[in-house]
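See below for the structure under consideration.
Lettering of chains follows the sequences in order, A, B, ..., and the numbering in each one begins at 1.
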There are 2 protein chains.
Amino acid sequence: MDDYQDYRLFQELSLLLDHADRLVLRQFRLNTLQYNALLLLDTDEGWRLTDLSERLLCERSTVTRLVDYLESEGLIARSPDPGDRRSQRVTLTAAGVARRREAQAAIEEAIGRRFSVLSREEERQLIAMLKRLRAVVSAEIEATTEATSPEASDTLS
Amino acid sequence: MDDYQDYRLFQELSLLLDHADRLVLRQFRLNTLQYNALLLLDTDEGWRLTDLSERLLCERSTVTRLVDYLESEGLIARSPDPGDRRSQRVTLTAAGVARRREAQAAIEEAIGRRFSVLSREEERQLIAMLKRLRAVVSAEIEATTEATSPEASDTLS
DNA sequence: CGCAATTTGTTGCGATTGCAACTGTTGCGA
DNA sequence: TCGCAACAGTTGCAATCGCAACAAATTGCG
């Protein structure tokens with residue numbers, strides 16, 4: 001039963017990776033979430049805020065403030081959705097493209113250096129294991145949250 | 001170059017694991033950091049706050065507030081260090097032992113369920129890879145932080 | 001000894017985020 | 001068409017945490 005050792009190691013590595021990323025991204029006035037958002041965005045197709053929140057695994061309110069910040073930095077632009085007045089489309093500006101390119105170069109250099117301690121075969125195994133774990137934990141979260149919030153169950157109503 | 005896929009997967013799994021842990025620990029009025037602190041503490045030997053912060057990978061100020069909270073919950077006790085009037089020793093109370101036992105049972109049940117998707121051999125490999133990654137990232141952080149803060153370098157002074 | 005540097009813990013402040021409540025919009029069924 | 005549920009985005013509030021500044025205590029060096 002080395003489960004707990006896995007868990008502690010994973011937790012510690014998460015903290016370290018997040019801290020290391022912060023140090024890299026700080027130069028570009030971005031945090032991890034903001035950077036991940038820039039990676040998703042594009043100059044053509046705009047993302048809706050709700051879709052961003054689902055992809056980034058955070059609340060819609062967090063995306064509102066995230067977009068507020070990136071907009072104030074001139075990196076993205078909000079535009080009304082042509083088909084739905086409730087929605088907004090978020091696209092990258094030229095400055096956003098530039099900032100993303102700089103940050104991406106720095107981050108990917110760091111990531112490559114970190115993962116260079118793994119062989120190609122090990123990476124393949126790691127990815128497979130992480131995917132299986134992700135599926136299990138996703139299911140666990142879904143089960144507990146829908147057990148808490150009553151939602152539309154299959155009982156009458 | 002699947003480094004980036006590793007990275008994204010790892011990041012996503014971190015978020016999911018943290019969220020799942022929160023859901024489990026919420027019942028015990030603890031967050032992840034508070035739980036990890038309880039795990040370290042003991043009824044006999046007391047920990048100094050600074051040592052806790054190093055072990056928990058967080059700032060001393062965070063430990064101050066963490067200890068404030070756990071003390072207000074009656075789970076731990078501060079006592080003066082006999083040998084150094086600056087220091088305090090933090091020990092578990094009986095209530096702390098009880099709360100830790102309950103939370104630990106719940107968390108370890110969850111962890112065991114999550115990691116049950118890995119074979120014993122895979123777990124062994126995972127641990128080995130995580131340890132190597134931890135070493136690399138630790139070194140990276142140490143290098144960048146000591147490059148930022150001038151510290152006592154090896155040059156004259 | 002005497003004073004400067006270091007260490008320990010605390011506080012103020014700002015940044016980040018989740019949750020709940022809210023406004024305005026859309027879609028659907030009676 | 002009306003009304004209501006669902007949805008998109010926002011805001012208020014509280015919790016959490018890092019960083020910098022600080023007071024008190026200790027250490028170490030001249």
Exercise. If you measure only the distance, is there a donor-acceptor pair under 3.5 Å linking the side chains of A:Gln11 and B:Asp18?
Worked result: no
Exercise. Over how many whole Å does the gap from B:Gln34 atom CD to D:dA15 atom P extend?
Worked result: 11 Å
Exercise. What does A:Arg48 touch in the nucleic acid at a heavy-atom separation under 4.0 angstrom: a base, only the sugar-phosphate, or nothing?
Worked result: sugar-phosphate
Seminar exercise, completed: Taken to the nearest whole Å, OH/A:Tyr35 to C1'/C:dA15 is 21 Å
Exercise. On DNA chain D, nearest-nucleotide positions of B:Tyr69 versus A:Asp84: which is more 5'?
Worked result: A:Asp84
Seminar exercise, completed: Here the distance between atom P of C:dT8 and atom CD of B:Glu54, to the nearest Å, is 8 Å
Seminar exercise, completed: Separation of D:dG9 atom P from A:Asp81 atom CG, nearest Å, is 8 Å
Problem set entry | Counterpart base for D:dA5, defined by Watson-Crick or G-U wobble contacts under 3.5 Å | C:dT26
Seminar exercise, completed: In whole angstroms, the gap separating P of C:dT10 from CD of B:Glu71 amounts to 9 Å
Exercise. Which is true for A:Ser87 with a 4.0 Å heavy-atom rule: it touches a base, it touches only sugar-phosphate, or it touches nothing?
Worked result: sugar-phosphate
Exercise. Whole-Å distance between C:dT17 C1' and A:Asp68 CG?
Worked result: 14 Å
For this session: Using only heavy-atom distances, determine whether the side chains of B:Arg26 and B:Asn31 contain a donor-acceptor pair under 3.5 Å.
Result: no
